[in-house]
Amino acid sequence: MAARTPEGMRGIAAVPSYVVMQPTTLCNLDCAYCYLPLRAADRRMPVAVAEAVAASVNPWAAGGRFSVVWHGGEPLAAGREHLAALLAPFGPDVEHHVQTNATLVDDAWCAFFAEHRVRVSVSVDGPRARNAERVTRGGRPAYDRIVAGVAALRRHGVPFSALAVVSRPEPGLATELYDYFLDLGCDVLGVNIEETEGVNTRTNARDAGAVTGFWAELVAAWRRDPRIHLREVEWSLRYAGAVLAGTADDLLPRRLDPIPTVGHDGSVVVLSPELAGFTDPHYGDFASGNVLTTPLGEILAGAAGTPWVGEFLTGVEACRTSCAYFGFCGGGHAANRYFELGRFDGTETEHCRNSKIRLLEGVLEHARDHQ
Ligand code: SF4
């Protein structure tokens with residue numbers, strides 16, 4: 001399925017749809033596939049950084065839906081008192097989300113989520129045996145602590161999403177995972193094929209048939225009982241429907257969402273949260289500015305002038321002219337290009353094969369098999 005080359009989507013939008021914030025670099029776990037470079041250090045975000053971000057974000061949120069995603073490290077490792085102080089500058093129109101490993105979630109955290117209307121997303125990779133890579137700093141399995149946190153969420157009626165990393169796609173896994181997440185009680189599920197990123201240098205080259213088969217099987221499992229919003233599959237079906245209706249070019253945003261990530265120290269990295277905290281002899285620290293000295297809106301307005309960002313936009317244009325999947329993908333993620341190709345103006349990566357091209361192929365394979 002190939003739509004005509006999409007014409008829309010040029011450059012970077014001046015206003016994002018969400019901001020990622022790093023309340024602490026610390027994580028209490030030490031998962032084998034984690035990309036975070038500073039996860040053993042507790043570098044906390046000062047309240048002044050949150051105040052500076054809120055000064056830009058509050059007017060944006062008053063004009064439409066806007067989210068702040070608290071992402072770490074493990075955001076709950078910052079503690080309730082500090083996280084409350086970081087949330088305080090944001091106005092009532094801002095939606096707050098946390099991406100958590102759930103191991104610290106207890107009754108008091110559930111009360112916190114309810115009081116601050118924080119939407120929770122839990123990182124868990126499926127049943128116990130599928131979580132072998134999720135371990136504590138002492139190397140012990142974290143699974144029992146994860147499910148204890150999820151049990152607390154359920155006891156308190158806190159709705160939650162789940163995010164699963166799949167390292168080895170194999171027959172039967174997609175069905176096993178989908179059934180597991182139905183039982184777990186999440187209302188949204190995102191599935192990531194493990195990525196080579198940051199300090200995780202393990203290869204993500206996978207057998208094409210295994211990955212396509214994984215996605216096709218996941219669609220089949222979801223269609224039997226579509227109670228969960230399955231992020232990747234719903235995107236794919238929306239795209240397939242738009243291609244058939246001749247409206248695929250309207251799906252991509254007119255401009256790339258800058259997805260600013262505000263690090264613990266106020267530095268702003270656009271487009272890929274995974275680049276925050278890294279430096280490169282050629283590209284420097286990837287930051288486009290710091291909210292402690294420059295308003296976030298001003299940083300975003302000038303972000304295309306950051307040399308690596310300009311190089312990435314060249315890569316997006318190369319994708320537009322060379323890849324049949326551009327209308328679905330929009331040109332991929334900066335961090336995958338950097339960590340796989342060592343530069344930003346390349347095109348195809350293992351990540352886009354696993355999570356864009358084979359995803360769409362898997363959805364189509366399922367459709368062909370069930371005509
Ligand atoms: S990132 Fe990959 S899938 Fe996406 S448009 Fe570029 S080459 Fe295609």
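Every number for a ligand or one of its atoms is a count from 1 in the order of the listing. Bear in mind the structure is a predicted one, so any value in this text is a computation, not a measurement.
Other members of the hydrophobic cluster containing Ile259, listed by chain and number, are Tyr18, Val20, Val69; membership follows side-chain contacts under 4.5 Å among ILVMFWY residues, whether direct or relayed.
Residues forming a side chain to side chain contact (heavy atoms under 4.5 Å, CB included) with Thr247 (at least two apart in sequence, or on another chain): Ala242, Ala245, Asp250.
Aromatic rings of Phe312 and Tyr338 (six-membered ring for Trp) have centroids beyond the 6.0 Å cut-off, not under it.
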Solution key, residues 83-95 side-chain donor-acceptor pairs under 3.5 Å, sequence neighbours excluded:
{"from": "Glu95", "atom 1": "OE1", "to": "Arg65", "atom 2": "NH2", "distance (Å)": "3.3"}
{"from": "Glu95", "atom 1": "OE1", "to": "His97", "atom 2": "NE2", "distance (Å)": "3.4"}
{"from": "Glu95", "atom 1": "OE2", "to": "Arg65", "atom 2": "NE", "distance (Å)": "2.8"}

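Here the protein contributes Cys323 SG as N, O or S atoms under 2.8 Å from atom 8 (Fe) of ligand 1.
Note on Glu365 versus Arg368: no salt bridge recorded, every NZ/NE/NH1/NH2 to OD/OE distance being 4.0 Å or above. Ion pairing between Asp30 and Arg39 holds under the 4.0 Å rule for side-chain N and carboxylate O.
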